[in-house]
Amino acid sequence: MSKIMPLSQAVGRFVRPEAALHFGAAWPFPNAALFEVIRRFAGRDPQFTLILNAGGATSAAPFLAAGLAKRIISSFLGDSYPNPGPNAVIQQAINNGKVTAENWTMLTFTLRLLAGAMGVPYLPTHSIIGSSLEDELGDQFHRAADPFNPTNILGQVPALHPDLNFTHGWAADAEGNTLLPLPLVSNAFGALAAKEGAIVTVEKIVEPEVIRANSFLARIPASAVRAVCEVP
């Protein structure tokens, strides 16, 4: 079944207020989808939860400036070019109490989405143990003994299930089988972890034969996709 539709139609059909929206980022960032959500919901106070690996001037800042989020889950919030540093819009939103920020490391952020994609409640990690984040996260992070080696203490990070994922890929067929370039970071995991699937934007919609010929890059299956939008 073809899932091809204009991006504006996909956002209008599948994005609802108070949803937890994950914008996947690795080689590309789904900028077109992010700004379509901003255009549609600006001035409506939709109370979204914004989930993204890293957010800066072209992602988290315009989303927060439009007043769309009540909460943000990320591993980095600030600007990275030409040097890493705070972003005034993001800092103002947090400092004014308009949005609460939940901070993770880049590894544990991805592990949470991987757990969601795998359908397991949590994944173990050595990350975060002994850092200030351990205290900051409270009940969101636990220590536990390795059942195979009780002297080894592991951290446990809970599965993360966004309501909807946005990913930008190289190409997809009409059903939504999507080719993703490396590095994947959280792109494929986010689409598979999302409760309501993914809206995929791509450089080009192609015939299924192209997907089959490059199957090693086909990281998002059609079963996880709600809409396919050609947005070069």
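Keep in mind that the numbers below use all heavy atoms, side chains included, and drop hydrogens, waters and symmetry copies.
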Exercise. Please report the closest heavy-atom contact between V202 and I205, naming both atoms and the distance.
Key: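 Between these two residues, the closest heavy atoms are CG2-CG1, 4.0 Å.
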
[X] [atom1] to [Y] [atom2] distance, which is reported to the nearest 0.5 Å:
{"X": "T167", "Y": "F23", "atom1": "OG1", "atom2": "CZ", "result": "10.0 Å"}
{"X": "L182", "Y": "L184", "atom1": "CG", "atom2": "CG", "result": "5.0 Å"}
{"X": "L179", "Y": "N177", "atom1": "CG", "atom2": "CG", "result": "8.5 Å"}

Using a 3.5 Å distance criterion without hydrogens, assess whether the side chain of [X] forms a donor-acceptor pair with backbone atoms of [Y].
{"X": "R143", "Y": "I153", "value": "no"}
{"X": "K3", "Y": "E175", "value": "yes"}
{"X": "R40", "Y": "S8", "value": "yes"}
{"X": "S75", "Y": "A54", "value": "no"}
{"X": "H168", "Y": "P28", "value": "no"}
{"X": "D146", "Y": "N152", "value": "no"}
{"X": "D173", "Y": "G176", "value": "yes"}
{"X": "N87", "Y": "V89", "value": "yes"}

Practice problem: State whether K70 and D45 are salt-bridged, where the test is any N-O pair (Lys NZ or Arg NE/NH1/NH2 against Asp/Glu carboxylate O) under 4.0 Å. | Solution: no

Check: residues 104-121 side-chain donor-acceptor pairs under 3.5 Å, at least two apart:
from	atom 1	to	atom 2	distance (Å)
W104	NE1	E102	OE2	2.8
T105	OG1	T108	N	3.0
T105	OG1	T108	OG1	2.6
T105	OG1	S127	OG	3.3
T108	OG1	T105	N	3.1
T108	OG1	T105	O	3.3
T110	OG1	M106	O	3.1
R112	NE	P158	O	2.8
R112	NH1	E102	OE2	3.0

Practice problem: Take M5 and R13, measure what side-chain contact (heavy atoms from CB on, under 4.5 Å) needs, and give me the verdict at the end. | Solution: CA-CA 10 Å; M5 64 183 72; R13 180 181 298 183; 3.6 Å; yes

Without placing hydrogens or testing angles, list every side-chain donor-acceptor pair under 3.5 Å for residues 59-68, not counting sequence neighbours.
from	atom 1	to	atom 2	distance (Å)
S59	OG	G56	N	3.0

Self-check item: E207 CD: over 12 foreign heavy atoms closer than 6.0 Å
Solution: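 For E207, atom CD is not crowded (no more than 12 foreign heavy atoms under 6.0 Å).
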
Self-check item: Neighbour count >12 (heavy atoms, 6.0 Å) for atom OH, Y122
Solution: no

Self-check item: Stepwise side-chain contact (heavy atoms from CB on, under 4.5 Å) test for L160 and I73
Solution: CA-CA 10 Å; L160 180 57; I73 301 173; 4.3 Å; yes

